[in-house]
Amino acid sequence: SSGINAEWPLRPGVKHSSKPVSGRAWKQKKECRFSSLAKDKQSTSTFGTKMQLKDQKKNVQAILNKIQSDRVAESEAKNARIAENRTRRAENERKQEIVQKITNTKKLKKIKKKHLRSIETR
């Protein structure tokens, strides 16, 4: 016979304990079929325990939603404060500036262009 190992004569119907009939030595010998294995029963829970779990999940979700909404409210308040501070700073800087009123408009024609760039109209 021309097989993997010539020294092992493979005869159909005869099972050898040390070598599989197929000649594939790397395959493990099966102890039993999968269908005959003992299956564990799933743990069954009562309706009451299911409802308790549902209520607990609902409570946890409500707490998470509250925390998240609090965070959002905090961040909105912080952003509002920051914007308010910016506007107040800008107003204070404007008040602090030294302003000179130009009543004679003919002066504007005499002023150099470099100086005209710094002049603002309000």
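What you see is a predicted model; the values in this text were computed from it and never measured.
Residues meeting the side-chain contact (heavy atoms from CB on, under 4.5 Å) test with Leu53, sequence neighbours left out: Gln56. Judged as a side-chain contact (heavy atoms from CB on, under 4.5 Å), and not counting sequence neighbours, the contacts of Ser36 are Cys32, Arg33. Take Asp40 and apply the salt bridge (Lys or Arg N to Asp or Glu O under 4.0 Å) test, not counting sequence neighbours, and it matches no residue. Scored by the salt bridge (Lys or Arg N to Asp or Glu O under 4.0 Å) test, Lys107 finds no partners at all (sequence neighbours excluded).
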Side-chain polar contacts of residues 72-79 - donor-acceptor pairs under 3.5 angstrom, sequence neighbours left out - could you list them?
| unit_1 | atom_1 | unit_2 | atom_2 | d |
| --- | --- | --- | --- | --- |
| Ser75 | OG | Arg71 | O | 3.4 |
| Ser75 | OG | Val72 | O | 2.7 |
| Asn79 | ND2 | Ser75 | O | 3.4 |

I'd like a table of donor-acceptor pairs (distance under 3.5 Å, sequence neighbours excluded) in which one partner is a side-chain atom from residues 80-88, with atom names and distances.
| unit_1 | atom_1 | unit_2 | atom_2 | d |
| --- | --- | --- | --- | --- |
| Asn85 | OD1 | Arg88 | NH2 | 2.9 |
| Asn85 | ND2 | Arg81 | O | 3.4 |
| Thr87 | OG1 | Ala83 | O | 3.4 |
| Thr87 | OG1 | Glu84 | O | 2.7 |

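Residues in residues 92-106 take part in these side-chain hydrogen bond (donor to acceptor under 3.5 Å, both in side chains) pairs, two or more places apart or across chains: Glu97-Arg122. Counting only residues at least two apart or in different chains, salt bridge (Lys or Arg N to Asp or Glu O under 4.0 Å) contacts with residues 57-68 comprise Lys66-Asp70. Residue pairs that meet the side-chain hydrogen bond (donor to acceptor under 3.5 Å, both in side chains) test with at least one member in residues 42-52, sequence neighbours left out, are Thr46-Thr49.
Annotation for Met51: hydrophobic cluster partners, listed by chain and number, are Phe47 (ILVMFWY side-chain heavy atoms under 4.5 Å, direct or chained). Other residues sharing the hydrophobic cluster of Leu37, ordered by chain and number and joined by side-chain separations under 4.5 Å: Phe34.
No more than 12 heavy-atom neighbours from other residues, nucleotides or ligands sit within 6.0 angstrom of NZ on Lys113.
Note: Ile111 CD1 to Arg117 CZ = 13.5 Å, rounded to the nearest 0.5 Å.
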